[in-house]
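None of these values were measured; they are calculated from a predicted model.
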Number of protein chains: 2
Amino acid sequence: METLRERKKQRTREALLRAALELFTTQGYEHTTVDEIAEAVDVSQRTFFRYFAGKEDAAFAVQAMTEEHFVAAVRARPAHEAPMEALRQAILQGWDAIRGTVETAVPIDLHLRMYRTIESTPALLAAHLRRSAATEETIARLLAEREGVDVDADPRPRLAVAVFGAVMRVTERQWCKGDDLSLGAVRQLTASYLDQVGSALTGNWRADRDH
Amino acid sequence: METLRERKKQRTREALLRAALELFTTQGYEHTTVDEIAEAVDVSQRTFFRYFAGKEDAAFAVQAMTEEHFVAAVRARPAHEAPMEALRQAILQGWDAIRGTVETAVPIDLHLRMYRTIESTPALLAAHLRRSAATEETIARLLAEREGVDVDADPRPRLAVAVFGAVMRVTERQWCKGDDLSLGAVRQLTASYLDQVGSALTGNWRADRDH
DNA sequence: GAGGTTAGTGTCAGCCTCTGACAATTGACA
DNA sequence: TGTCAATTGTCAGAGGCTGACACTAACCTC
């Protein structure tokens, strides 16, 4: 943020991002045109595409930050931790750290509402799942290196990470459907669901149906 | 397939589908325009959109058949089977049944090559993951009903199905990357990876690194 | 501080996906 | 054979996205 130029650029980008998220969450992603976003910030449509690769890119700009944060958190876990435990700790601590990371760019409330929009917009949900898949690949390589196994010969890193990702997806989905759209709620859901994976796989659900 | 009209429609649809998949797999999905597909079958662009909701819809027309087949296979499993075992049997038997199901519409080889294209095309991969998520939701409800639990109150059905789906994704990915693009190869990979989930989750990979 | 350099922006033209409207064609059926 | 209905083609247009080029504003040097 040295020169006037850079500050102006930063401001334009943030204005575009905020306008985009605001429009997406209020009137829907599909019903928001790039022209509208550009007009709300009073720049040309062409300028929008100079800051974002497309509508989708704007929709996930904040998510991208939290993903990076999560990867860094996994990398920072002590080497003696078992893989799944490292992932669990990283995600739980990640939910706490989001507030600080995100709020530099966008109101935290807007970011949380955007989750709902993503979950209920087919095109965005698809993009979200693909992004998650990419992150999982990164994490799988990271864990494989940590544990000293070959990620291409041994399927266990990818399997473990995929299972973890699957639990996270179910968590997000349930969280978005509920009323309590707070960080505390998602943190609690995350821990709860991670604890139930084992029980879910053994598959004797009929024994105790009062879950 | 009674009237001449219906036969013509069927032929047009199959011609469009085959032309689309052929073009997608040879010159790439993004580099194929709808105009090209329509021209290859000698119909107007508008007609293509009367048969398919979009390029993407054409790309997944065959996958949609196999997904339905899988859901039906799960529904047909005996009630005494544990959930995960039912899924395992359904998918393994599904891989065998694909040949018959698919070949009525498209050469089996073309369908298998399409998997690779999907896996290597970001837009298609995203759509594929979303479709899988939708199928998983269907299966989760099915299993919940089978086991007599409430799918919205008890997270275990969704968790189990999500984990299963995660394993399938890793399997598909590895299969597409390899050389042997046959049904036997994917069947074997599927069984192998399903067997390794437990081992992957316990997370003591360092003990035996020779997987 | 004037003048040249560079970065960011606006404008314009164009491609591609997809949709609605209307007219033309073709199969179905009495 | 003539009417009816379904299928198709044509046309126009919205919306996402990109390349080219000119213009403006910030930067940097003298």
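- For residues 135-170 of chain B, no residue pair satisfies the ring-ring contact (aromatic ring centres under 6.0 Å, His included) rule, not counting sequence neighbours.
- Using a cut-off of 4.0 Å between Lys/Arg side-chain N and Asp/Glu carboxylate O, A:D150 and A:R156 are scored as not salt-bridged.
- At a cut-off of 3.5 Å, with distance as the only test, a side-chain donor of B:H128 or B:E172 sits close to an acceptor on the other residue.
- Electrostatic pairing of B:R169 and A:E136 counts as a salt bridge here, judged by a charged N lying under 4.0 Å from a carboxylate O.
- The nearest pair of heavy atoms linking A:S182 to A:W175 is O-NE1, 3.5 Å.
- OP1 or OP2 of D:dT8 lies within a sub-4.0 Å distance of a side-chain N or O belonging to B:Y51.
- Evaluation of the side-chain hydrogen bond (donor to acceptor under 3.5 Å, both in side chains) rule for B:R18 yields no partner, not counting sequence neighbours.
- Within residues 9-26 of chain B, no residue places a heavy atom under 4.0 Å from DNA chain C.
- Among the heavy atoms of the strands, none lies under 4.0 Å from B:F48.
- Using a 4.0 Å heavy-atom cutoff across all strands shown, B:S44 reaches at least one base atom of the nucleic acid.
- Under the rule for a salt bridge (Lys or Arg N to Asp or Glu O under 4.0 Å), the partners of A:E56 that lie at least two apart in sequence or sit in another chain are A:R130.
- Contact check on A:R141 versus A:E137 returns a salt bridge, with a Lys/Arg side-chain nitrogen under 4.0 Å from an Asp/Glu carboxylate oxygen.
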Might you list the N or O atoms of the protein lying below 3.5 Å from N or O atoms in nucleotides 18-20 of chain D, with each pair's distance?
unit_1: D:dG19; atom_1: N7; unit_2: A:R46; atom_2: NE; d: 3.4
unit_1: D:dG19; atom_1: N7; unit_2: A:R46; atom_2: NH2; d: 2.9
unit_1: D:dG19; atom_1: O6; unit_2: A:R46; atom_2: NE; d: 2.9

Can you list, pair by pair, the side-chain donor-acceptor contacts under 3.5 Å of residues 183-190 of chain A, counting residues two or more places apart and other chains?
unit_1: A:R187; atom_1: NE; unit_2: A:D96; atom_2: OD1; d: 3.1
unit_1: A:R187; atom_1: NE; unit_2: A:D96; atom_2: OD2; d: 3.0
unit_1: A:R187; atom_1: NH2; unit_2: A:D96; atom_2: OD2; d: 3.4
unit_1: A:T190; atom_1: OG1; unit_2: A:W95; atom_2: NE1; d: 3.3
unit_1: A:T190; atom_1: OG1; unit_2: A:V186; atom_2: O; d: 2.6

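- Using a 4.0 Å cut-off between charged side-chain N and carboxylate O, B:R173 and B:E119 make no salt bridge.
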Please tabulate the protein-to-nucleotide N/O contacts below 3.5 Å involving nucleotides 26-30 of chain D, giving atom names and distances.
unit_1: D:dA26; atom_1: OP1; unit_2: A:K8; atom_2: NZ; d: 3.4
unit_1: D:dA26; atom_1: N3; unit_2: A:R5; atom_2: NH2; d: 2.5
unit_1: D:dC27; atom_1: OP1; unit_2: A:T3; atom_2: OG1; d: 3.3
unit_1: D:dC27; atom_1: OP1; unit_2: A:L4; atom_2: N; d: 2.7
unit_1: D:dC27; atom_1: OP1; unit_2: A:R5; atom_2: N; d: 3.0

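- Listed by first then second residue, pairs satisfying ring-ring contact (aromatic ring centres under 6.0 Å, His included) with a partner in residues 6-42 of chain A read A:F24-A:Y29, not counting sequence neighbours.
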Only distances under 3.5 Å count here; give the side-chain donor-acceptor pairs of residues 33-41 of chain B to other protein atoms, sequence neighbours excluded, each with its distance to 0.1 Å.
unit_1: B:T33; atom_1: OG1; unit_2: B:E36; atom_2: N; d: 3.2
unit_1: B:E36; atom_1: OE1; unit_2: B:T33; atom_2: N; d: 3.0
unit_1: B:E36; atom_1: OE2; unit_2: B:Q27; atom_2: NE2; d: 3.4

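- A straight line from CD1 of A:I37 to C1' of D:dG16 spans 11 Å, rounded to a whole angstrom.
- Sparse packing is recorded around CZ of B:R99, with 12 or fewer heavy atoms of other residues, nucleotides or ligands lying under 6.0 Å away.
- The nucleotide range of DNA chain C contacted by chain B, defined by atoms under 4.0 angstrom from heavy atoms of the protein and reported 5' to 3', is C:dC16 to C:dA28.
- At a cut-off of 3.5 Å, with distance as the only test, a side-chain donor of B:S44 or B:T47 sits close to an acceptor on the other residue.
- Scanning residues 116-128 of chain A for heavy-atom distances under 4.0 Å to DNA chain C yields an empty list.
- Protein atom CD of A:E30 is 19 Å distant from nucleotide atom P of D:dA14, rounded to whole Å.
- The CG atom of A:D35 sits 17 Å away from the P atom of D:dG13 (whole-angstrom rounding).
- Between A:E85 and A:R77 there is no salt bridge, since no side-chain nitrogen of the basic residue lies less than 4.0 Å from a carboxylate oxygen of the acidic one.
- Listed by chain and residue number, nothing satisfies the side-chain hydrogen bond (donor to acceptor under 3.5 Å, both in side chains) test with B:T12 (two or more places apart in sequence, or in another chain).
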